[in-house]
Amino acid sequence: MRNVVIGFLGTKLDQGRRRSWRPSVQICAHSDFPVDRLELLHDRRNLRLAEKVARDAIALSPQTEVRLVDMELANPWDFQEVYGKLYDFAESYGFDEDREHYYVHLTTGTHVAQICWFLLTESRHIPACLLQSGPPRHGTDPGGTIDIIDLDLARYNALQRRFEAAAREHSYLLRGGIPTRNAAFHHLIERLEQVVTRSDEPVLLVGEAGVGKTTLARRIHELKLQRRRIKGRLVHVNCAGLQGPHAMASLFGQRRNVVGLAGTERAGFLSEAEGGVLCLDNIDLLPHAEQGLLLDALESGSYYPVGSDTAQSCRFHLIAATSRDLPTLAQQGIMRPDLLARLALWVFHIPPLRDRREDFEAELAYELEEAERRLGCKIGFNVDAMTRYLHFARDPGVPWTGNYRDLSASVRRLCTLAERGRITLPMVEGEITTLTRQWAALRRDGDLALLAEVSPDLVNVDEFDRAQLAAVVRACRAASSLSAAGRRLFAVSRQAKASQNDADRLRKYLARFDLKWDMVSGST
């Protein structure tokens, strides 16, 4: 197998002035590392030096073939240019790994070139090992030292472990230091960490109220600061408050003496988020006009404050959050489809707490620590109380409607009422009663909201009929057909009937309220 070394001409080191060691020459002088071909990259300005290095290398090692490769770089410190030229070189080279071993010489060239060499060898665009050379030390080969770095060698597993540990640390930060056993949530956090540390594009967080979208946005900001992708602060804006005539000025800023508005000048949230992160919570409540201007700012990198004829540049990372179905809102004309398309590049659906029941013990421990910090004292569960609380929390029938808000409020109540710092079984039983009543009241309100979606007249039916009808509507929406819904609703009583026409029974029940299948199923 032939050894092929590829490297840049050292415009200073290869001159040979005031020193005898010249890396591009001496690399060919190692008896234990014969170089069969040297690919020497240079520009036209240094052609004479490249020719001299080639002659000296061949004189030192007659078996070495030296090829001079002209590579013009307008700016050898420009990452994009250097990477592009080296990428093109690699694509057109024609590597023959069956006959040749390839080595990239890192000692010469700019730091930018060294980084680009590393990236191209790591990605296998250049199937080579990295090679470092140095001047001779006492008692070593007069050609100097060489160190071959094979990125596939097990000796570099320690480096890989460091990278993996850093990735785990970042994911741990996004989880708030709370471990997770939920595979889907773990994958989501890992993917989110990849995106926010590599991309400056908008991120859309979707999830029910209380799943921690605002908290996650704050952690994303911290991670971006750590990775030096931003320098500015986090500006959190609840779009529910951006209503009325002052909404545009609040978001984009205002110049003095604007007709129809107060004559005070304000910076605006976009300006405050310059160089940092702008988090727009409840993005679906942002007024239509402001949605269009926000889209323009994202795409052009500039905007016009209210009352200004001069565009102001903006550089911020956008995190949008919502608990609603934005595609449906776009169909209804509430959400601009073009803004939604801009936000839809990176969408992360945060799971509700009830879908992560295996994490309740870790989440409970975290909330307990937070409550202890607020109250300034140590608090703990009795063993039987902890067992009862976790059994309740993990029950599939427990809805956790408010997600982390429910859990946090529950733990704070228990800690506040804990005498001598102990949470007892009777206290937990009382808390379970409180949560159950709270969710029952929400479900009743939910029945009214559900029936109002079907027909406004249904809110006036008796409470008994309302609860039953709401259950029927939910079953219909979950079923693929009238017959399937009937089989689910009459699964027990149908066994005692000679004629099992479930669809007809359901049709007649709905008719009592002047309803039809297409009205309750959500189908069109």
Side-chain angles (χ1 to χ4, degrees), residues 167 169-178 180 182 184-242 250-251 268-286 290-291 294-295 297-298 314-326 335 339-340 342-353 356 359 363 366-367 370 402-408:
E169 182 179 344
H170 295 147
S171 296
Y172 196 65
L173 172 63
L174 290 180
R175 294 196 307 270
I178 309 172
T180 179
N182 185 279
F185 186 64
H186 177 75
H187 176 72
L188 181 147
I189 292 295
E190 281 193 331
R191 185 174 178 83
L192 180 59
E193 183 267 329
Q194 282 184 301
V195 169
V196 300
T197 56
R198 298 180 184 180
S199 171
D200 300 336
E201 298 289 347
V203 170
L204 177 60
L205 304 179
V206 181
E208 297 177 5
V211 296
K213 299 185 293 295
T214 300
T215 301
L216 188 55
R218 185 167 63 250
R219 293 170 184 164
I220 290 172
H221 173 256
E222 293 173 4
L223 180 54
K224 282 180 173 287
L225 281 175
Q226 279 191 8
R227 297 298 292 268
R228 296 181 176 84
R229 296 201 70 88
I230 59 171
K231 294 182 179 179
R233 66 191 186 94
L234 171 68
V235 177
H236 178 267
V237 182
N238 190 331
C239 294
L242 293 178
S250 297
L251 192 60
F269 294 125
L270 265 66
S271 177
E272 293 178 12
E274 179 71 13
V277 172
L278 175 65
C279 177
L280 293 180
D281 204 357
N282 294 310
I283 185 73
D284 50 280
L285 297 180
L286 188 65
E290 281 75 4
Q291 290 183 32
L294 174 64
L295 176 62
L298 290 173
C314 58
R315 294 173 302 167
F316 59 85
H317 296 196
L318 177 65
I319 300 175
T322 183
S323 59
R324 303 172 71 187
D325 183 8
L326 294 189
M335 189 77 190
L339 178 59
L340 177 58
R342 188 72 177 85
L343 298 177
L345 176 61
W346 297 113
V347 182
F348 295 90
H349 293 270
I350 314 302
L353 187 58
R356 296 178 49 216
D359 288 341
E363 296 290 350
Y366 173 79
E367 294 296 342
E370 288 294 296
N403 293 290
Y404 290 101
R405 289 194 180 102
D406 283 348
L407 179 61
S408 178

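Contact check for V211 versus R356: no side-chain heavy atoms found under the 4.5 Å cut-off. Residues K224 and I220 have side chains in contact (heavy-atom distance under 4.5 Å, counting atoms from C-beta outward). Counting only heavy atoms from C-beta outward, the side chains of I230 and H317 approach each other to under 4.5 Å.
Under a 3.5 Å cut-off, the side chain of D359 and the backbone N or O of T180 do not form any donor-acceptor pair. With H221 contributing its side chain and L234 its backbone, the two residues share a donor-acceptor pair below 3.5 Å. Proximity of a side-chain donor or acceptor of Q291 to a complementary backbone N or O of L286 within less than 3.5 Å is detected. Panel note: side chain T197, backbone E193; a donor-acceptor pair is recorded below 3.5 Å. Although no hydrogens or angles enter the test, the distance criterion places no donor-acceptor pair under 3.5 Å between the side chain of K213 and the main chain of D281. The backbone N or O of A184 sits less than 3.5 Å from a side-chain atom of N182, completing a donor-acceptor pair.
Taking both residues in full, the closest heavy atoms of A209 and R405 are given as C-NH1, 3.6 Å, listed atom of the first, atom of the second, then distance. Heavy-atom minimum distance, A297 versus C314: O-SG, 3.8 Å. A pairwise comparison of heavy atoms in F348 and V203 identifies CD1-CG1, 3.8 Å as the closest pair.
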Could you go through L353 and E208, starting from their C-alpha distance and side-chain angles, then the distance that decides it, and tell me whether this counts as side chain to side chain contact (heavy atoms under 4.5 Å, CB included)?
CA-CA 9 Å; L353 187 58; E208 297 177 5; over 6 Å; no
Please evaluate residues F269 and L242 with respect to the criterion side chain to side chain contact (heavy atoms under 4.5 Å, CB included), reporting the C-alpha separation (whole Å), side-chain torsions for both, the decisive distance (0.1 Å), and the verdict.
CA-CA 11 Å; F269 294 125; L242 293 178; 3.9 Å; yes
Take L285 and R324, measure what side chain to side chain contact (heavy atoms under 4.5 Å, CB included) needs, and give me the verdict at the end.
CA-CA 10 Å; L285 297 180; R324 303 172 71 187; 3.9 Å; yes
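T214 OG1 to H236 NE2: the interatomic distance, rounded to the nearest 0.5 Å, is 3.5 Å. Note: H187 NE2 to L192 CG = 11.0 Å, rounded to the nearest 0.5 Å. A distance of 11.0 Å separates CG of L280 from CG of L204, quoted to the nearest 0.5 Å.
The closest side-chain donor-acceptor pair between N282 and N238 falls under 3.5 angstrom.
Salt bridge annotation for D200-R229: present, with a cationic side-chain nitrogen under 4.0 angstrom from a carboxylate oxygen.
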